[in-house]
Amino acid sequence: MLNFSFCSPTHFEFGKNTEEKTAELIKKFNGSKVLLHYGGGSIKKSGLYDRVIASLNAENIAFVELGGAEPNPIDTLVYAGIELCRKEKVDFVLAVGGGSAIDSAKAIAAGAIYDGDFWDFYSGKYIEKALPVGVILTIAAAGSEGSMNSVITKVDGKFKRGASGEAIRPVFSILNPELTQTLPPYQTAAGAVDIMIHVCERYFSVTEDVSVTDRLCEAILMTMIEETPRVMADPNNYNARANIMWAGTIAHTNLCGVGRGQDWASHGMEHELSAFYGATHGAGLAVISPAWMKFVSRKKPEKFIQFAKRVWNVNTADEGIACFEKFLKAIGMPSSIKEFGAKEEDIPMLAKHIGLTEEYAFGGYVKLNVRDVEEIYRLAL
């Protein structure tokens with residue numbers, strides 16, 4: 001096990017009707033004027049918007065609104081949010097929604113008090129200061145409600161890139177599984193895949209003697225394998241929703257990743273599918289990750305054998321990957337990047353756009369250069 005520093009100070013308020021504590025938590029973390037950031041009309045149709053507004057009004061907390069957060073959040077909306085925060089002297093950002101609204105809120109919170117272009121943070125600069133961010137989660141998927149990470153797409157050039165910093169880890173997150181019961185089946189399934197691959201990015205590691213985090217990863221994967229079909233069959237199954245929601249949070253706080261090397265190649269390759277074809281992130285991962293597994297397991301099969309035996313109760317790497325693919329198909333996920341509109345002739349462009357070359361490689365379990373990535377995209381066809 002490697003040395004590590006780990007701090008996860010987010011206050012989690014979990015369970016039914018917990019959104020009623022919104023204003024109380026904002027005050028606890030010294031918010032007095034709030035940017036309320038959300039996506040489309042779903043929070044208004046569900047009544048969540050009205051409940052949040054009522055909570056703010058009851059405690060005389062001033063707020064301004066910025067809707068329009070969309071899947072694969074974009075930089076243009078972030079710039080609008082930054083301008084609004086500065087104009088209105090906002091001191092707290094509240095995201096209501098899934099990973100897209102949360103990631104966008106984090107970018108706004110960092111950019112609002114930064115003298116330069118917020119995109120600096122998505123080009124490698126660490127985020128050291130930001131307005132405090134609170135979350136009301138409506139989709140169990142990205143884990144952004146507990147993480148120090150954010151991903152934004154730059155419209156000009158279609159660059160989907162990440163940023164990180166403890167300053168953007170939410171100060172509180174309200175997790176009410178009931179809020180996820182109205183999700184369409186496809187979004188529920190895509191969210192489940194996102195959770196599982198957040199775990200896999202940490203699980204497939206060359207670091208030895210990490211039994212505790214290995215077992216944590218395996219427990220979350222096995223929970224998702226058990227609970228996802230239950231919630232697909234019965235969207236109103238509160239307990240299945242609750243287990244999936246908490247699994248999503250644990251998967252991305254990095255509790256499962258401390259003391260070990262991590263991979264993240266699948267995410268890097270999927271970001272291109274989202275940026276160029278608008279693929280839902282979890283659905284893109286459902287195609288890319290098995291292709292990555294097939295390619296990488298040929299070079300380094302050891303951890304895949306463990307994955308097969310402990311998670312899927314089969315004996316070989318190929319059998320474990322096949323079980324994973326069968327599971328993904330059963331929950332309605334795509335199996336080819338062609339389903340997003342990608343063509344074989346696009347593959348060199350996709351691999352190059354990541355920024356890889358023959359020399360520059362990424363991935364922690366097996367280093368991948370541009371040729372390797374092209375081959376993985378071909379396997380995903």
Side-chain angles (χ1 to χ4, degrees), residues 39-40 42 46 70-73 97-103 137-145 151 175-201 203 217-252 266-267 269-271 273-274 277-293 307 311-312 320-342 380:
S42 61
S46 69
E70 57 188 65
N72 305 310
S100 297
I102 301 168
D103 281 9
L137 185 65
T138 62
I139 302 174
S144 193
E145 68 276 5
V151 177
L175 310 178
N176 178 358
E178 291 179 312
L179 300 179
T180 68
Q181 289 177 348
T182 58
L183 286 173
Y186 187 84
Q187 293 298 329
T188 295
V193 178
D194 197 5
I195 292 167
M196 295 178 78
I197 304 307
H198 280 158
V199 174
C200 288
E201 298 284 22
Y203 184 70
C217 289
E218 290 156 4
I220 294 173
L221 291 171
M222 293 169 74
T223 296
M224 296 303 298
I225 292 165
E226 178 179 323
E227 299 290 7
T228 304
R230 289 179 70 202
V231 85
M232 297 297 289
D234 178 9
N236 293 319
N237 187 324
Y238 177 85
N239 289 321
R241 291 280 187 187
N243 279 312
I244 289 171
M245 180 171 267
W246 190 234
T249 300
I250 294 175
H252 208 37
S266 291
H267 270 71
M269 287 181 282
E270 193 291 320
H271 285 170
L273 303 181
S274 295
Y277 310 110
T280 299
H281 179 54
L285 288 172
V287 179
I288 286 294
S289 293
W292 172 85
M293 290 179 176
F307 173 70
V311 176
W312 298 103
I321 297 167
C323 286
F324 187 34
E325 288 185 301
K326 183 178 179 180
F327 169 84
L328 295 172
K329 184 177 181 180
I331 63 172
M333 287 288 93
S335 57
S336 168
I337 61 174
K338 290 180 180 178
E339 295 177 57
F340 307 124

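Quick caveat: nothing in here was measured; it's all calculated off a predicted structure.
- Of all the heavy atoms in Pro334 and Ala283, the pair that sits closest is CG-O, 3.7 Å.
- Closest approach of Ile195 and Ile244 over heavy atoms only: CD1-O, 3.7 Å.
- Here the shortest heavy-atom pairing between Asp103 and Val151 reads OD2-N, 2.9 Å.
- The line from CZ of Arg230 to CG of Asn239 is 6.5 Å long, rounded to the nearest 0.5 Å.
- The shortest distance between side-chain heavy atoms of Thr188 and Thr180 does not fall below 4.5 Å.
- Considering CZ of Phe327 and CE of Met333, their distance stands at 10.0 Å, rounded to 0.5 Å.
- Residues Met293 and Cys200 form a side-chain contact, since some pair of their non-hydrogen atoms from C-beta on lies under 4.5 Å apart.
- Applying the ring-ring contact (aromatic ring centres under 6.0 Å, His included) test to every pair with at least one member in residues 178-198, sequence neighbours left out, gives these pairs: His198-His252, His198-His267.
- Between the CD1 atom of Ile250 and the CD1 atom of Ile220 there is a distance of 5.5 Å, given to the nearest 0.5 Å.
- For Asn243, the side chain to side chain donor-acceptor pair (under 3.5 Å) test picks out Glu227, with sequence neighbours left out.
- Side chains of Arg241 and Pro235 form a contact here, defined as non-hydrogen atoms less than 4.5 Å apart.
- Side-chain atoms of Glu218 and Tyr203 include a donor-acceptor pair closer than 3.5 Å.
- Taking CD1 from Ile321 and CH2 from Trp312, the interatomic distance works out to 11.5 Å, rounded to the nearest 0.5 Å.
- Between Phe324 atom CZ and Ile225 atom CD1 the span is 8.0 Å, to the nearest 0.5 Å.
- Of the inter-residue distances, the one linking Ser144 atom OG with Ile139 atom CD1 reads 12.0 Å to the nearest 0.5 angstrom.
- Using a 4.5 Å heavy-atom cutoff, the side chains of Trp246 and Thr223 are not in contact.
- Side chain to side chain, Ser266 and Glu270 fail the donor-acceptor criterion of an N or O pair below 3.5 Å.
- Taking each heavy atom of Gly99 and Ala142 in turn, the nearest pair found is CA-CB, 3.7 Å.
- Shortest non-hydrogen contact noted between Met224 and Ala247 is SD-CB, 3.8 Å.
- When every heavy atom of Val199 is checked against every heavy atom of Ala251, the shortest pair comes out as CG2-CB, 3.7 Å.
- When Thr280, Thr228, Leu328 are each tested for a side chain to side chain contact (heavy atoms under 4.5 Å, CB included) with Val193, only one passes: Leu328.
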Mind running side chain to side chain contact (heavy atoms under 4.5 Å, CB included) on Leu285 and Asp194 for me, showing each step along the way?
CA-CA 7 Å; Leu285 288 172; Asp194 197 5; 3.6 Å; yes
